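Report on the following structure.
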2 protein chains.
Amino acid sequence: MGSVEGNLGVVSALVRSSFLVSAVYAESAREYRLTPQQGQLLCVLMAQPYRISELSAMLRLAKSSLTELVDRTSQRGLVVREPDPDDRRAVRVSLTEQGSELGEAFYLATCERVDQLPSGLDAAERATLGELLSRVVRDNNVPTTFPEWDDTAPATRG
Amino acid sequence: MGSVEGNLGVVSALVRSSFLVSAVYAESAREYRLTPQQGQLLCVLMAQPYRISELSAMLRLAKSSLTELVDRTSQRGLVVREPDPDDRRAVRVSLTEQGSELGEAFYLATCERVDQLPSGLDAAERATLGELLSRVVRDNNVPTTFPEWDDTAPATRG
DNA sequence: AAGCATGGTTCGCCCTGCGAACCAACCAGA
DNA sequence: TCTGGTTGGTTCGCAGGGCGAACCATGCTT
């Protein structure tokens with residue numbers, strides 16, 4: 001374990017690969033004139049509208065941070081606050097049409113970029129990596145802040 | 001591929017696991033009154049002193065960003081600028097004694113926390129995950145911004 | 001009706017990152 | 001030896017991001 005020449009232990013491999021993916025995510029966001037946090041918000045909202053408190057819980061940020069992130073993205077016309085019919089205190093944050101388009105484009109471009117990272121692995125190894133990481137993600141209750149990408153469809157493979 | 005119930009494709013798994021590791025890294029940093037960027041700088045400098053331009057290249061940040069990150073960490077007494085004997089324009093950034101201690105403690109604590117993430121995998125699966133991620137890291141030339149952790153030594157296993 | 005809890009906002013503060021502009025030092029070529 | 005281009009690092013204005021305290025409106029329970 002960790003003794004094969006040049007191989008990292010799982011801990012360092014997780015941390016360094018996290019840096020790698022974060023860097024790629026940031027590069028992709030920059031391409032769409034987004035910050036990583038703005039891109040992440042758009043990806044989260046692709047599934048459905050959320051309340052500020054729900055976004056706060058999913059992203060593990062203070063509510064004030066979400067208030068102001070939503071402020072900035074709504075000023076760009078990407079998201080909108082709407083009253084929550086069930087609770088007059090609450091707002092529901094949803095994507096505008098422009099936000100949907102930009103979010104989708106950012107999401108797909110990010111998937112393409114990230115898809116290149118394990119290109120040195122063969123199909124079986126990719127599947128194994130995906131399966132093992134999926135279990136880590138599931139075991140640690142990682143919220144769905146990035147949609148599932150269907151990378152088996154022919155049109156989505158580069 | 002991606003078709004086993006509940007499993008993600010490798011792309012989404014990489015992105016979501018990156019969010020997970022980033023969150024754990026930030027939590028660990030907070031425990032030591034560090035920001036993730038400050039913690040990362042300390043980890044990088046554990047290996048050796050570096051020039052601002054070298055740190056800029058490793059961390060893929062503007063030189064001005066490193067100038068100011070070094071400013072903030074040196075104000076805390078964690079790092080120090082020293083003249084580069086080979087080039088009077090340059091400075092070498094190195095850890096102070098306090099910075100070494102804090103960096104080491106942060107690094108070890110982070111390793112312990114990250115080590116918990118794949119606890120649902122058995123030893124063979126951990127080894128496979130480490131091997132596959134190592135190859136992704138190596139293939140993408142990820143700089144060594146997080147030291148290798150010897151997780152086979154008995155004293156380092158929780 | 002009252003008190004507690006919750007949803008969200010405001011704001012001061014600090015951290016971070018960028019890019020333009022700048023200065024000092026280095027290096028190669030004439 | 002001199003000159004011009006390159007490099008290393010700094011300063012500063014700007015924008016984004018995150019936190020926590022304080023606050024207000026609303027919901028809920030007693």
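None of these values were measured; they are calculated from a predicted model. Side chains included, hydrogens not; waters and symmetry mates left out as well; all remaining heavy atoms used. By convention in this document, chain letters (A, B, ...) are assigned in the order of the sequence lines, proteins followed by strands, and residues within each chain are numbered from 1.
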request  = For A:Gln38, answer base if it contacts any base atom (sugar-phosphate contacts may also be present), sugar-phosphate if it contacts only those atoms, and nothing otherwise; contact means non-hydrogen atoms under 4.0 Å.
outcome  = sugar-phosphate

key: Non-hydrogen atoms of A:Glu125 and A:Leu121 that approach each other most closely   = OE1-CA, 3.4 Å

query = Does A:Arg30 or A:Arg51 map to a spot on DNA chain C nearer the 5' end, using the closest nucleotide for each?
reply = A:Arg51

request  = Report yes if at least one side-chain N or O of B:Ser65 is closer than 4.0 Å to OP1 or OP2 of C:dC18; otherwise report no.
outcome  = yes

query = Step by step, would you call B:Leu129 with A:Val136 a side chain to side chain contact (heavy atoms under 4.5 Å, CB included)?
reply = CA-CA 10 Å; B:Leu129 180 59; A:Val136 172; 4.2 Å; yes

query = Do B:Thr128 and A:Leu132 touch side chain to side chain, with heavy atoms closer than 4.5 Å?
reply = yes

key: Length of the CZ-P vector between B:Arg72 and D:dT11, whole Å   = 13 Å

request  = Tell me which of B:Lys63 and A:Ala62 sits closer to the 5' end of DNA chain D, going by the nucleotide each one is nearest to.
outcome  = B:Lys63

message = So, OP1 or OP2 of C:dC15: does either fall under 4.0 Å of a side-chain N or O from B:Thr35?
response = no

Ring pair (Phe, Tyr, Trp, His ring centres under 6.0 Å) contacts touching residues 23-42 of chain A (sequence neighbours left out) = A:Tyr25-A:Phe106, A:Tyr25-B:Phe19

query = Considering heavy-atom distances to DNA chain D, does B:Glu68 or B:Arg92 have its closest nucleotide positioned more toward the 5' end?
reply = B:Arg92

key: Atom pair distance, as rounded to whole Å: CG in B:Leu34 and C1' in D:dC19   = 16 Å

task = Apply side chain to side chain contact (heavy atoms under 4.5 Å, CB included) to the pair A:Val70 and A:Arg81, showing each step before the final yes or no.
result = CA-CA 8 Å; A:Val70 170; A:Arg81 282 179 170 90; 3.5 Å; yes

Nearest-angstrom distance from the residue atom CG of A:Leu59 to P of C:dG8 = 14 Å

message = Taking any heavy-atom pair under 4.0 Å as a contact, classify B:Arg81: base, sugar-phosphate, or nothing.
response = sugar-phosphate

request  = Ignoring backbone atoms, establish whether B:Gln37 has a side-chain N or O less than 4.0 Å from OP1 or OP2 of C:dG17.
outcome  = yes

ask   = Across the strands shown, which category fits A:Leu69 at heavy-atom distances under 4.0 angstrom: base, sugar-phosphate, nothing?
value = sugar-phosphate

query = Atom CD of B:Glu27 and atom P of D:dG18: how far apart are they, to the nearest Å?
reply = 15 Å

ask   = Hey, does B:Ser64 reach any base, or is it just sugar-phosphate, or nothing, if we go heavy atoms under 4.0 Å?
value = base

task = Determine the contact category for A:Thr67: base if any of its heavy atoms lies under 4.0 Å from a base atom, sugar-phosphate if only primed atoms, P, OP1 or OP2 are that close, otherwise nothing.
result = base

Integer-rounded Å distance: C:dT16 P and B:Leu41 CG = 10 Å

N/O-N/O pairs, protein side and nucleotides 22-25 of chain C side, under 3.5 Å:
| from | atom 1 | to | atom 2 | distance (Å) |
| --- | --- | --- | --- | --- |
| C:dA25 | N3 | B:Arg89 | NH1 | 3.1 |

request  = Kindly work out whether a path of hydrophobic side-chain contacts (I/L/V/M/F/W/Y, heavy atoms less than 4.5 Å apart) joins B:Leu55 to B:Met46.
outcome  = yes

key: Residue pair A:Gln38 / A:Arg33, side-chain heavy-atom distance below 4.5 Å   = no

request  = Can you tell me the distance, in whole Å, between the CD1 atom of B:Ile52 and the P atom of D:dT11?
outcome  = 11 Å

inquiry  = So, OP1 or OP2 of C:dT6: does either fall under 4.0 Å of a side-chain N or O from A:Ser53?
reply    = no

